[in-house]
Amino acid sequence: MKNSLKIEELCMFFLGIFMFSILGYPWWLFLVLILAPDIGALGYIINSKVGAFSYNLFHHKGVAIALYFIGIYLSFPLLQLAGTILFSHSCLDRIFGYGLKYEKGFRFTHLGEIGKK
């Protein structure tokens with residue numbers, strides 16, 4: 001099952017690449033911005049509850065899709081770009097086992113505990 005989920009996330013990552021390609025931005029911008037959503041982890045400086053909230057906000061595919069469609073509706077390509085980057089980044093994170101966070105700590109995710117042996 002774990003491999004099936006990773007393949008599904010990989011396919012969605014390719015969808016994110018496709019979404020980026022139709023926006024017309026230069027490819028170097030994708031490479032520069034792909035790690036930008038990790039800024040949400042800075043909430044862990046305050047505490048685990050704020051950290052989980054901010055991390056999940058920047059890694060939630062529903063938020064990413066909403067931004068993308070709001071960008072289409074408002075004819076605002078920067079919102080489409082933000083949605084595409086959030087979506088693509090979230091897919092990559094889930095391929096590597098980093099899921100949405102629980103409030104009890106960074107390593108506790110909806111995909112299981114990070115670093116658990």
Side-chain angles (χ1 to χ4, degrees):
M1 181 58 76
K2 202 174 222 182
N3 287 335
S4 179
L5 291 174
K6 287 183 181 190
I7 291 168
E8 180 181 36
E9 293 295 338
L10 182 63
C11 291
M12 285 190 279
F13 177 69
F14 288 134
L15 174 63
I17 290 173
F18 172 75
M19 290 164 52
F20 181 84
S21 75
I22 62 176
L23 290 175
Y25 289 103
W27 282 103
W28 62 264
L29 191 59
F30 185 84
L31 297 174
V32 168
L33 294 177
I34 193 66
L35 296 178
D38 281 336
I39 195 157
L42 290 177
Y44 282 99
I45 293 171
I46 298 170
N47 62 41
S48 290
K49 186 175 182 176
V50 172
F53 176 80
S54 61
Y55 183 93
N56 291 343
L57 182 66
F58 282 86
H59 290 79
H60 196 286
K61 289 182 188 174
V63 171
I65 292 166
L67 284 174
Y68 185 81
F69 283 119
I70 291 169
I72 289 172
Y73 180 76
L74 298 176
S75 297
F76 192 36
L78 281 177
L79 273 181
Q80 289 177 264
L81 175 63
T84 299
I85 294 298
L86 288 177
F87 183 81
S88 300
H89 177 88
S90 296
C91 293
L92 264 184
D93 267 9
R94 290 176 188 156
I95 290 168
F96 295 116
Y98 294 95
L100 297 175
K101 308 300 182 201
Y102 290 111
E103 290 180 0
K104 65 186 202 176
F106 182 83
R107 63 180 225 227
F108 300 99
T109 78
H110 81 287
L111 297 175
E113 192 174 333
I114 299 171
K116 185 179 175 187
K117 297 185 186 206

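Since we're looking at a predicted model, the values are computed, not measured. One is the number of the first residue; the rest follow in order along the sequence.
- Under the 4.5 Å side-chain heavy-atom criterion for ILVMFWY residues, a single connected hydrophobic cluster contains both Leu92 and Trp27.
- His89 contributes atom NE2, which lies 11.5 Å from atom CG of Leu33 (distance to the nearest 0.5 angstrom).
- In this structure, His59 contributes its side chain and Tyr55 its backbone to a donor-acceptor pair below 3.5 Å.
- Using a 4.5 Å heavy-atom cutoff, the side chains of Ser54 and Leu42 are not in contact.
- Looking at every heavy atom in both residues, Glu9 comes nearest to Cys91 through OE1-CA, 3.5 Å.
- Phe76 is not listed as a side-chain neighbour of Leu67, based on a closest heavy-atom distance of 4.5 Å or more.
- For the side chain to side chain contact (heavy atoms under 4.5 Å, CB included) with Phe30, the lone residue among Leu81, Ile85, Leu23 that qualifies is Ile85.
- The closest side-chain heavy-atom distance from Arg94 to Met12 is not below 4.5 Å.
- Linking Ile, Leu, Val, Met, Phe, Trp and Tyr whenever their side-chain heavy atoms come within less than 4.5 Å puts Ile17 and Ile34 in one cluster.
- Between Gly16 and Thr84, the shortest heavy-atom contact is O-CG2, 3.4 Å.
- Linking Ile, Leu, Val, Met, Phe, Trp and Tyr whenever their side-chain heavy atoms come within less than 4.5 Å leaves Met19 and Phe13 in two separate clusters.
- Contact of the Phe87 side chain with the Leu15 side chain is registered, since non-hydrogen atoms from C-beta on lie closer than 4.5 Å.
- Closest approach of Phe20 and Pro26 over heavy atoms only: CZ-O, 3.4 Å.
- Using cut-offs of 30° and 60° for the angle between ring planes, the Phe106 and Tyr44 rings count as perpendicular.
- Rounding to the nearest 0.5 Å gives a distance of 12.0 Å between CD1 of Ile65 and CD1 of Ile70.
- With hydrogens and angles disregarded, a donor-acceptor distance shorter than 3.5 Å links the side chain of His110 to the backbone of Leu100.
- Nearest heavy-atom pair, Phe58 versus Leu86, reported as atom, atom and distance to 0.1 Å: O-CD2, 3.2 Å.
- Tyr68 and Phe14 fall into different hydrophobic clusters, where Ile, Leu, Val, Met, Phe, Trp and Tyr are joined by side-chain heavy atoms under 4.5 Å apart, directly or via other members.
- Taking hydrophobic clusters as Ile, Leu, Val, Met, Phe, Trp and Tyr residues chained together by side-chain heavy-atom distances below 4.5 Å, Phe96 shares a cluster with Leu35.
- Put simply, the side chain of Asp93 never gets that close to the backbone of Tyr98: no donor and acceptor are under 3.5 Å apart.
- The shortest distance between side-chain heavy atoms of Ser48 and Tyr102 does not fall below 4.5 Å.
- With a 6.0 Å radius and a threshold of 12 heavy atoms from other residues, nucleotides or ligands, Leu29 has its CG atom above the threshold.
- Note that SG of Cys11 and NZ of Lys6 are 14.5 Å apart. Values are rounded to the nearest 0.5 Å.
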